[in-house]
Protein chains: 2
Amino acid sequence: MTNRISNERKKKIIEGFYELSVQNGLENTSIAKIGKHLGMPPSLVMHYFPTREILISNLILHILDQYLRIYEPVIKELETKNYADPQTFVDSLFSRDWNLLFDDGVFYSCYSLIFRNDRIKREYRLLHDKLRESLKDILDRDEKLEGKDTELLAEQIFVVVEGAYYYLSMIDDEEIYDRKIEAYKSQVYDLLRKYEVQHL
Amino acid sequence: MTNRISNERKKKIIEGFYELSVQNGLENTSIAKIGKHLGMPPSLVMHYFPTREILISNLILHILDQYLRIYEPVIKELETKNYADPQTFVDSLFSRDWNLLFDDGVFYSCYSLIFRNDRIKREYRLLHDKLRESLKDILDRDEKLEGKDTELLAEQIFVVVEGAYYYLSMIDDEEIYDRKIEAYKSQVYDLLRKYEVQHL
DNA sequence: TATAATATTGAATGAACGTTCAATTTATGA
DNA sequence: TCATAAATTGAACGTTCATTCAATATTATA
(Lines give C-alpha, C1' and ligand atoms only; values in the text may rest on other atoms or scores of the structure.)
Protein backbone atom coordinates (compact mmCIF):
# COMPACT_ATOMS: atom_id res chain seq x y z
CA MET A 1 0.00 0.00 0.00
CA THR A 2 1.29 3.39 -0.96
CA ASN A 3 0.09 5.25 2.09
CA ARG A 4 0.42 2.62 4.78
CA ILE A 5 3.21 4.49 6.54
CA SER A 6 1.35 7.72 6.16
CA ASN A 7 -1.82 6.36 7.74
CA GLU A 8 0.04 4.79 10.62
CA ARG A 9 1.89 8.01 11.32
CA LYS A 10 -1.28 10.03 11.22
CA LYS A 11 -2.94 7.65 13.62
CA LYS A 12 0.02 7.76 16.01
CA ILE A 13 0.13 11.54 15.92
CA ILE A 14 -3.55 11.92 16.72
CA GLU A 15 -3.28 9.35 19.50
CA GLY A 16 -0.29 11.19 20.92
CA PHE A 17 -2.18 14.44 20.70
CA TYR A 18 -5.06 12.85 22.56
CA GLU A 19 -2.84 11.37 25.28
CA LEU A 20 -1.10 14.66 25.97
CA SER A 21 -4.42 16.50 25.96
CA VAL A 22 -5.74 14.15 28.61
CA GLN A 23 -2.68 14.86 30.74
CA ASN A 24 -2.19 18.58 30.21
CA GLY A 25 -5.30 19.85 28.50
CA LEU A 26 -6.00 20.53 24.86
CA GLU A 27 -4.88 24.15 25.08
CA ASN A 28 -1.52 23.21 26.56
CA THR A 29 -0.64 20.61 23.95
CA SER A 30 1.56 22.06 21.22
CA ILE A 31 2.86 20.57 18.03
CA ALA A 32 6.37 20.59 19.47
CA LYS A 33 5.21 18.62 22.50
CA ILE A 34 3.46 16.05 20.33
CA GLY A 35 6.64 15.64 18.32
CA LYS A 36 8.77 15.20 21.41
CA HIS A 37 6.26 12.72 22.85
CA LEU A 38 6.54 10.59 19.70
CA GLY A 39 10.25 11.14 19.08
CA MET A 40 9.92 13.12 15.89
CA PRO A 41 10.58 16.72 14.86
CA PRO A 42 7.61 19.08 14.83
CA SER A 43 8.08 19.50 11.10
CA LEU A 44 7.10 15.87 10.58
CA VAL A 45 3.91 16.41 12.52
CA MET A 46 3.15 19.33 10.24
CA HIS A 47 3.98 17.26 7.19
CA TYR A 48 0.94 15.13 7.94
CA PHE A 49 -1.25 17.85 9.43
CA PRO A 50 -0.35 21.12 7.70
CA THR A 51 -1.92 23.38 10.33
CA ARG A 52 -2.85 23.16 13.95
CA GLU A 53 -6.48 23.67 13.04
CA ILE A 54 -6.45 20.56 10.86
CA LEU A 55 -4.77 18.68 13.68
CA ILE A 56 -7.51 19.65 16.12
CA SER A 57 -10.17 18.81 13.58
CA ASN A 58 -8.74 15.31 13.25
CA LEU A 59 -8.48 14.93 16.99
CA ILE A 60 -12.17 15.65 17.21
CA LEU A 61 -12.99 13.07 14.57
CA HIS A 62 -10.92 10.61 16.59
CA ILE A 63 -12.80 11.45 19.78
CA LEU A 64 -16.21 11.23 18.18
CA ASP A 65 -15.20 7.91 16.71
CA GLN A 66 -14.16 6.61 20.09
CA TYR A 67 -17.39 7.87 21.56
CA LEU A 68 -19.49 6.03 19.02
CA ARG A 69 -17.45 2.90 19.59
CA ILE A 70 -18.52 2.80 23.20
CA TYR A 71 -22.11 2.23 22.20
CA GLU A 72 -21.26 -0.18 19.40
CA PRO A 73 -21.08 -3.46 21.37
CA VAL A 74 -24.42 -2.79 23.01
CA ILE A 75 -26.05 -1.89 19.71
CA LYS A 76 -24.53 -4.92 17.98
CA GLU A 77 -25.60 -7.27 20.73
CA LEU A 78 -29.15 -6.09 20.54
CA GLU A 79 -29.12 -6.41 16.78
CA THR A 80 -27.77 -9.95 16.63
CA LYS A 81 -30.06 -11.19 19.35
CA ASN A 82 -32.81 -9.42 17.49
CA TYR A 83 -34.29 -8.74 20.85
CA ALA A 84 -34.63 -5.19 21.96
CA ASP A 85 -34.44 -4.48 25.64
CA PRO A 86 -34.35 -0.72 26.16
CA GLN A 87 -33.48 -1.20 29.80
CA THR A 88 -30.23 -2.95 28.91
CA PHE A 89 -29.25 -0.06 26.72
CA VAL A 90 -30.11 2.48 29.38
CA ASP A 91 -28.11 0.54 31.93
CA SER A 92 -25.11 0.57 29.67
CA LEU A 93 -25.48 4.31 29.19
CA PHE A 94 -25.06 4.72 32.92
CA SER A 95 -22.46 2.02 33.44
CA ARG A 96 -19.20 3.19 34.92
CA ASP A 97 -17.15 1.09 32.51
CA TRP A 98 -17.19 3.33 29.54
CA ASN A 99 -16.61 6.34 31.66
CA LEU A 100 -13.15 4.94 32.28
CA LEU A 101 -12.51 4.40 28.59
CA PHE A 102 -13.12 8.00 27.81
CA ASP A 103 -11.75 11.32 28.95
CA ASP A 104 -14.47 13.86 29.48
CA GLY A 105 -11.98 16.69 29.88
CA VAL A 106 -10.85 16.50 26.28
CA PHE A 107 -14.38 15.87 25.10
CA TYR A 108 -15.73 19.02 26.73
CA SER A 109 -12.69 21.06 25.65
CA CYS A 110 -13.47 20.16 22.06
CA TYR A 111 -17.17 20.67 22.68
CA SER A 112 -16.50 24.26 23.70
CA LEU A 113 -15.04 24.86 20.24
CA ILE A 114 -18.45 24.39 18.61
CA PHE A 115 -19.31 27.94 19.62
CA ARG A 116 -16.76 29.44 17.25
CA ASN A 117 -16.33 26.73 14.63
CA ASP A 118 -19.26 25.64 12.53
CA ARG A 119 -17.63 22.52 11.15
CA ILE A 120 -16.91 21.22 14.61
CA LYS A 121 -20.45 22.10 15.61
CA ARG A 122 -21.82 20.09 12.71
CA GLU A 123 -19.65 17.10 13.57
CA TYR A 124 -20.72 17.16 17.18
CA ARG A 125 -24.33 17.50 16.18
CA LEU A 126 -24.00 14.53 13.85
CA LEU A 127 -22.62 12.34 16.61
CA HIS A 128 -25.43 13.17 18.98
CA ASP A 129 -28.06 12.61 16.34
CA LYS A 130 -26.55 9.23 15.49
CA LEU A 131 -26.75 8.16 19.10
CA ARG A 132 -30.38 9.26 19.30
CA GLU A 133 -31.19 7.29 16.17
CA SER A 134 -29.55 4.18 17.58
CA LEU A 135 -31.71 4.39 20.65
CA LYS A 136 -34.80 5.04 18.56
CA ASP A 137 -34.11 1.84 16.60
CA ILE A 138 -33.93 -0.12 19.79
CA LEU A 139 -37.09 1.44 21.16
CA ASP A 140 -38.90 0.68 17.91
CA ARG A 141 -38.34 -3.05 18.40
CA ASP A 142 -40.09 -3.00 21.75
CA GLU A 143 -43.69 -4.05 21.17
CA LYS A 144 -44.81 -2.19 24.26
CA LEU A 145 -43.79 1.01 22.54
CA GLU A 146 -45.55 0.30 19.27
CA GLY A 147 -47.02 3.35 17.65
CA LYS A 148 -45.36 5.67 20.13
CA ASP A 149 -43.20 8.69 19.37
CA THR A 150 -39.96 6.85 19.96
CA GLU A 151 -37.95 9.64 18.41
CA LEU A 152 -39.12 12.01 21.09
CA LEU A 153 -38.60 9.42 23.79
CA ALA A 154 -35.04 8.78 22.63
CA GLU A 155 -34.42 12.51 22.67
CA GLN A 156 -35.78 12.86 26.18
CA ILE A 157 -33.70 9.96 27.43
CA PHE A 158 -30.51 11.41 26.03
CA VAL A 159 -31.23 14.81 27.47
CA VAL A 160 -31.26 13.15 30.89
CA VAL A 161 -28.12 11.16 30.15
CA GLU A 162 -26.19 14.19 28.93
CA GLY A 163 -27.41 16.44 31.72
CA ALA A 164 -26.50 13.70 34.16
CA TYR A 165 -22.90 13.37 33.03
CA TYR A 166 -22.52 17.11 32.86
CA TYR A 167 -23.32 17.35 36.53
CA LEU A 168 -21.60 14.12 37.57
CA SER A 169 -18.28 15.44 36.29
CA MET A 170 -18.28 17.80 39.26
CA ILE A 171 -18.76 15.02 41.82
CA ASP A 172 -15.70 13.46 43.43
CA ASP A 173 -17.34 11.55 46.26
CA GLU A 174 -17.98 8.01 45.01
CA GLU A 175 -20.94 7.39 47.27
CA ILE A 176 -22.75 10.53 46.16
CA TYR A 177 -21.84 9.74 42.58
CA ASP A 178 -23.38 6.29 42.77
CA ARG A 179 -26.49 7.53 44.51
CA LYS A 180 -27.03 10.21 41.89
CA ILE A 181 -26.49 7.89 38.98
CA GLU A 182 -29.17 5.60 40.38
CA ALA A 183 -31.55 8.54 40.61
CA TYR A 184 -30.89 9.49 37.00
CA LYS A 185 -31.32 5.92 35.88
CA SER A 186 -34.73 5.64 37.51
CA GLN A 187 -35.61 8.98 35.95
CA VAL A 188 -35.07 7.36 32.57
CA TYR A 189 -36.98 4.23 33.58
CA ASP A 190 -39.90 6.48 34.52
CA LEU A 191 -39.79 7.96 31.06
CA LEU A 192 -39.91 4.51 29.51
CA ARG A 193 -42.74 3.44 31.77
CA LYS A 194 -44.71 6.57 31.05
CA TYR A 195 -44.62 5.86 27.34
CA GLU A 196 -45.50 2.21 27.77
CA VAL A 197 -48.48 2.93 29.97
CA GLN A 198 -49.89 5.72 27.87
CA HIS A 199 -51.86 3.56 25.44
CA LEU A 200 -53.91 1.85 28.10
CA MET B 1 -11.64 54.33 50.06
CA THR B 2 -8.10 53.12 49.70
CA ASN B 3 -8.75 50.47 47.11
CA ARG B 4 -11.50 52.09 45.09
CA ILE B 5 -9.28 52.52 42.05
CA SER B 6 -7.92 49.05 42.51
CA ASN B 7 -11.36 47.46 42.60
CA GLU B 8 -12.55 49.39 39.59
CA ARG B 9 -9.49 48.39 37.60
CA LYS B 10 -9.87 44.76 38.55
CA LYS B 11 -13.50 44.81 37.51
CA LYS B 12 -12.66 46.43 34.17
CA ILE B 13 -9.89 43.94 33.49
CA ILE B 14 -12.11 40.94 34.15
CA GLU B 15 -14.88 42.41 32.03
CA GLY B 16 -12.41 43.03 29.22
CA PHE B 17 -11.13 39.50 29.55
CA TYR B 18 -14.68 38.23 29.31
CA GLU B 19 -15.52 40.35 26.26
CA LEU B 20 -12.45 39.22 24.35
CA SER B 21 -13.10 35.60 25.33
CA VAL B 22 -16.59 35.84 23.89
CA GLN B 23 -15.14 37.16 20.64
CA ASN B 24 -12.03 35.04 20.25
CA GLY B 25 -12.28 32.25 22.78
CA LEU B 26 -10.75 31.90 26.19
CA GLU B 27 -7.62 30.18 24.90
CA ASN B 28 -6.90 32.97 22.41
CA THR B 29 -7.18 35.81 24.89
CA SER B 30 -3.78 36.85 26.19
CA ILE B 31 -2.79 39.36 28.84
CA ALA B 32 -1.32 41.60 26.15
CA LYS B 33 -4.60 41.60 24.25
CA ILE B 34 -6.57 42.47 27.36
CA GLY B 35 -4.20 45.37 28.00
CA LYS B 36 -4.53 46.65 24.46
CA HIS B 37 -8.30 46.30 24.63
CA LEU B 38 -8.39 48.49 27.74
CA GLY B 39 -5.58 50.87 26.72
CA MET B 40 -3.08 49.82 29.33
CA PRO B 41 0.25 48.01 29.32
CA PRO B 42 0.21 44.29 30.08
CA SER B 43 2.30 44.99 33.15
CA LEU B 44 -0.63 46.84 34.70
CA VAL B 45 -2.89 43.87 34.13
CA MET B 46 -0.34 41.74 35.92
CA HIS B 47 -0.08 44.24 38.73
CA TYR B 48 -3.66 43.42 39.65
CA PHE B 49 -3.62 39.76 38.66
CA PRO B 50 -0.10 38.44 39.25
CA THR B 51 -0.48 35.31 37.10
CA ARG B 52 -2.66 34.21 34.27
CA GLU B 53 -4.05 31.45 36.45
CA ILE B 54 -5.34 33.97 38.97
CA LEU B 55 -6.84 35.95 36.13
CA ILE B 56 -8.74 32.93 34.83
CA SER B 57 -9.86 32.06 38.33
CA ASN B 58 -11.36 35.53 38.70
CA LEU B 59 -12.99 35.33 35.29
CA ILE B 60 -14.74 32.18 36.43
CA LEU B 61 -15.97 33.83 39.60
CA HIS B 62 -17.31 36.63 37.41
CA ILE B 63 -19.07 34.20 35.12
CA LEU B 64 -20.60 32.21 37.94
CA ASP B 65 -21.77 35.46 39.47
CA GLN B 66 -23.43 36.50 36.25
CA TYR B 67 -25.01 33.10 35.95
CA LEU B 68 -26.57 33.29 39.39
CA ARG B 69 -27.78 36.80 38.65
CA ILE B 70 -29.92 35.50 35.81
CA TYR B 71 -32.04 33.53 38.22
CA GLU B 72 -32.13 36.25 40.87
CA PRO B 73 -35.11 38.28 39.60
CA VAL B 74 -37.26 35.19 39.30
CA ILE B 75 -36.30 33.98 42.73
CA LYS B 76 -36.85 37.44 44.24
CA GLU B 77 -40.22 37.82 42.59
CA LEU B 78 -41.40 34.52 43.93
CA GLU B 79 -40.12 35.40 47.39
CA THR B 80 -41.79 38.82 47.61
CA LYS B 81 -45.07 37.60 46.25
CA ASN B 82 -44.71 34.74 48.69
CA TYR B 83 -46.41 32.69 46.08
CA ALA B 84 -44.59 29.81 44.61
CA ASP B 85 -45.38 28.81 41.09
CA PRO B 86 -42.90 26.20 39.93
CA GLN B 87 -44.18 26.50 36.40
CA THR B 88 -43.15 30.16 36.22
CA PHE B 89 -39.66 29.26 37.32
CA VAL B 90 -39.42 26.44 34.83
CA ASP B 91 -40.61 28.75 32.06
CA SER B 92 -37.91 31.23 32.93
CA LEU B 93 -35.33 28.47 32.85
CA PHE B 94 -36.25 27.85 29.25
CA SER B 95 -36.83 31.45 28.24
CA ARG B 96 -34.66 32.71 25.42
CA ASP B 97 -34.01 36.01 27.17
CA TRP B 98 -31.29 34.94 29.48
CA ASN B 99 -29.67 32.91 26.80
CA LEU B 100 -28.85 36.21 25.14
CA LEU B 101 -27.40 37.67 28.33
CA PHE B 102 -24.92 34.92 28.61
CA ASP B 103 -22.24 33.42 26.46
CA ASP B 104 -22.25 29.65 26.57
CA GLY B 105 -18.93 29.42 24.73
CA VAL B 106 -16.98 30.98 27.56
CA PHE B 107 -19.03 29.12 30.12
CA TYR B 108 -18.23 25.72 28.62
CA SER B 109 -14.58 26.66 28.04
CA CYS B 110 -14.27 27.35 31.74
CA TYR B 111 -16.31 24.26 32.55
CA SER B 112 -13.80 22.11 30.71
CA LEU B 113 -11.14 23.32 33.17
CA ILE B 114 -12.83 21.52 36.08
CA PHE B 115 -11.22 18.31 34.86
CA ARG B 116 -7.74 19.50 35.73
CA ASN B 117 -8.34 22.12 38.40
CA ASP B 118 -10.01 21.14 41.65
CA ARG B 119 -10.70 24.68 42.81
CA ILE B 120 -12.58 25.47 39.63
CA LYS B 121 -14.43 22.20 39.97
CA ARG B 122 -15.51 23.10 43.49
CA GLU B 123 -16.68 26.53 42.40
CA TYR B 124 -18.70 25.12 39.53
CA ARG B 125 -20.20 22.52 41.80
CA LEU B 126 -21.19 25.18 44.31
CA LEU B 127 -22.99 27.17 41.65
CA HIS B 128 -25.01 24.21 40.47
CA ASP B 129 -25.91 23.20 43.99
CA LYS B 130 -27.07 26.73 44.75
CA LEU B 131 -29.36 26.69 41.76
CA ARG B 132 -30.79 23.36 42.81
CA GLU B 133 -31.43 24.67 46.31
CA SER B 134 -33.23 27.71 44.94
CA LEU B 135 -35.56 25.51 42.98
CA LYS B 136 -36.12 23.25 45.97
CA ASP B 137 -37.16 26.28 48.03
CA ILE B 138 -39.72 27.20 45.41
CA LEU B 139 -41.01 23.67 45.14
CA ASP B 140 -41.32 23.47 48.93
CA ARG B 141 -43.81 26.34 48.92
CA ASP B 142 -46.13 24.48 46.59
CA GLU B 143 -48.77 22.77 48.71
CA LYS B 144 -49.33 20.18 46.03
CA LEU B 145 -45.79 18.99 46.63
CA GLU B 146 -46.06 18.80 50.41
CA GLY B 147 -44.12 15.95 51.89
CA LYS B 148 -42.50 15.10 48.59
CA ASP B 149 -38.80 14.68 47.92
CA THR B 150 -38.43 18.13 46.40
CA GLU B 151 -34.65 17.90 46.54
CA LEU B 152 -34.73 14.98 44.17
CA LEU B 153 -37.32 16.66 41.98
CA ALA B 154 -35.20 19.81 41.73
CA GLU B 155 -32.22 17.67 40.80
CA GLN B 156 -34.17 15.85 38.10
CA ILE B 157 -35.48 19.09 36.67
CA PHE B 158 -32.02 20.61 36.42
CA VAL B 159 -30.62 17.52 34.80
CA VAL B 160 -33.14 18.04 32.02
CA VAL B 161 -32.39 21.76 31.80
CA GLU B 162 -28.66 21.25 31.60
CA GLY B 163 -28.89 18.37 29.18
CA ALA B 164 -31.25 20.45 27.09
CA TYR B 165 -28.91 23.42 26.75
CA TYR B 166 -25.98 21.14 26.11
CA TYR B 167 -27.74 19.77 23.06
CA LEU B 168 -29.43 23.01 22.02
CA SER B 169 -26.02 24.67 21.64
CA MET B 170 -25.52 22.53 18.55
CA ILE B 171 -28.78 23.65 16.92
CA ASP B 172 -28.70 26.60 14.53
CA ASP B 173 -32.14 26.26 12.96
CA GLU B 174 -34.52 28.46 14.95
CA GLU B 175 -37.58 26.40 14.19
CA ILE B 176 -36.00 23.17 15.35
CA TYR B 177 -34.60 24.97 18.36
CA ASP B 178 -38.03 26.22 19.40
CA ARG B 179 -39.66 22.87 18.84
CA LYS B 180 -37.07 21.11 20.95
CA ILE B 181 -37.23 23.59 23.76
CA GLU B 182 -40.98 23.03 23.97
CA ALA B 183 -40.42 19.29 24.18
CA TYR B 184 -37.91 19.74 27.00
CA LYS B 185 -40.26 22.09 28.81
CA SER B 186 -43.09 19.60 28.73
CA GLN B 187 -40.66 16.95 29.89
CA VAL B 188 -40.15 19.03 33.02
CA TYR B 189 -43.87 19.65 33.40
CA ASP B 190 -44.37 15.90 33.30
CA LEU B 191 -41.90 15.54 36.13
CA LEU B 192 -43.80 18.11 38.20
CA ARG B 193 -47.12 16.46 37.45
CA LYS B 194 -45.79 13.05 38.33
CA TYR B 195 -44.76 14.25 41.76
CA GLU B 196 -48.01 16.06 42.36
CA VAL B 197 -50.15 13.10 41.45
CA GLN B 198 -48.19 10.53 43.37
CA HIS B 199 -49.92 11.09 46.73
CA LEU B 200 -53.39 10.31 45.44
C1' DT C 1 3.25 70.20 52.82
C1' DA C 2 6.19 66.16 53.31
C1' DT C 3 6.13 61.34 53.10
C1' DA C 4 4.72 57.00 52.18
C1' DA C 5 1.93 54.03 49.43
C1' DT C 6 -0.18 52.97 45.23
C1' DA C 7 -0.89 53.26 40.34
C1' DT C 8 1.12 53.38 35.96
C1' DT C 9 4.49 53.23 32.42
C1' DG C 10 7.54 51.25 28.91
C1' DA C 11 11.25 48.54 27.88
C1' DA C 12 13.15 44.07 28.22
C1' DT C 13 13.37 39.07 29.18
C1' DG C 14 13.69 34.20 27.60
C1' DA C 15 10.73 30.59 26.36
C1' DA C 16 7.43 28.60 23.46
C1' DC C 17 4.56 29.02 19.76
C1' DG C 18 3.13 27.59 14.74
C1' DT C 19 5.20 27.36 10.57
C1' DT C 20 8.68 27.21 6.60
C1' DC C 21 12.32 25.25 3.98
C1' DA C 22 16.12 23.08 1.96
C1' DA C 23 18.66 18.96 2.51
C1' DT C 24 18.85 14.07 3.35
C1' DT C 25 17.30 9.44 3.98
C1' DT C 26 14.27 5.72 2.90
C1' DA C 27 10.80 3.24 0.29
C1' DT C 28 8.34 2.24 -4.11
C1' DG C 29 7.56 0.94 -8.85
C1' DA C 30 9.32 0.37 -13.53
C1' DT D 1 19.07 -1.23 -10.60
C1' DC D 2 17.64 3.24 -11.26
C1' DA D 3 14.44 6.98 -11.06
C1' DT D 4 10.94 8.95 -8.68
C1' DA D 5 8.20 9.85 -4.83
C1' DA D 6 7.51 9.89 0.02
C1' DA D 7 9.30 10.20 4.62
C1' DT D 8 12.24 12.44 7.66
C1' DT D 9 15.49 15.64 9.48
C1' DG D 10 17.23 19.86 11.72
C1' DA D 11 17.86 24.53 11.57
C1' DA D 12 15.65 28.74 11.24
C1' DC D 13 11.80 32.20 10.94
C1' DG D 14 9.14 36.00 13.03
C1' DT D 15 5.55 36.39 16.49
C1' DT D 16 3.45 36.14 20.63
C1' DC D 17 3.45 34.62 25.11
C1' DA D 18 3.60 35.45 30.40
C1' DT D 19 6.39 37.72 33.27
C1' DT D 20 10.00 41.02 35.42
C1' DC D 21 11.78 45.36 36.65
C1' DA D 22 13.23 49.88 37.39
C1' DA D 23 11.52 54.40 36.77
C1' DT D 24 7.85 57.76 37.02
C1' DA D 25 3.36 59.72 38.10
C1' DT D 26 -0.47 60.00 41.05
C1' DT D 27 -2.98 59.62 45.28
C1' DA D 28 -3.55 59.05 50.30
C1' DT D 29 -2.02 59.82 54.87
C1' DA D 30 0.21 62.17 58.68
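Residue numbers begin at 1 in each chain, while the letters A, B, ... track the order of the sequences.
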Taking [atom1] from [X] and [atom2] from [N], how many angstroms apart are they, rounded to a whole number?
X       : N      : atom1 : atom2 : result
A:Leu26 : C:dC17 : CG    : P     : 13 Å
A:Glu8  : D:dA6  : CD    : C1'   : 15 Å
A:His47 : C:dT25 : NE2   : P     : 17 Å
A:Ile31 : C:dC17 : CD1   : P     : 9 Å
A:Lys12 : D:dA7  : NZ    : P     : 16 Å
A:Leu44 : C:dA22 : CG    : P     : 18 Å
B:Arg9  : D:dT26 : CZ    : C1'   : 12 Å
A:Arg4  : C:dT28 : CZ    : P     : 7 Å

task = Pick base, sugar-phosphate or nothing for B:Phe49, based on heavy-atom distances below 4.0 Å to the nucleic acid.
result = nothing
message = For a quick check of understanding: with a heavy-atom distance under 4.0 Å over all strands, which category does B:Ser30 fall into, base, sugar-phosphate or nothing?
response = sugar-phosphate
request  = Identify whether the distance between the nearest side-chain nitrogen and carboxylate oxygen of A:Asp129 and A:Arg125 falls below 4.0 Å.
outcome  = yes
query = Any idea which heavy atoms bring A:Ala154 and A:Arg132 closest together, and the distance?
reply = CB-O, 3.7 Å
inquiry  = Are there over 12 heavy-atom neighbours, none belonging to B:Lys12, within less than 6.0 Å of that residue's NZ?
reply    = no
key: Shortest side-chain distance from A:Arg52, nucleotide among D:dT9, D:dC21, C:dG18   = C:dG18
ask   = Nearest to the side chain of B:Pro41 - D:dT9, C:dC17, C:dG10?
value = C:dG10
query = When the ring planes of B:His128 and B:Tyr67 are compared, do they come out parallel, tilted or perpendicular, using 30° and 60° as the limits?
reply = perpendicular
query = Is any side-chain nitrogen or oxygen of A:Tyr48 closer than 4.0 Å to OP1 or OP2 of D:dT8?
reply = yes
key: Distance below 4.0 Å between B:Lys33 side-chain N/O and D:dT16 OP1 or OP2   = no
ask   = Relative to the 5' end of DNA chain C, which residue comes earlier, B:Pro42 or B:Asn7, by the nucleotide with the nearest heavy atom?
value = B:Asn7
ask   = So which of B:Asp91, B:Val159, B:Ile157 actually passes side chain to side chain contact (heavy atoms under 4.5 Å, CB included) with B:Val188?
value = B:Ile157
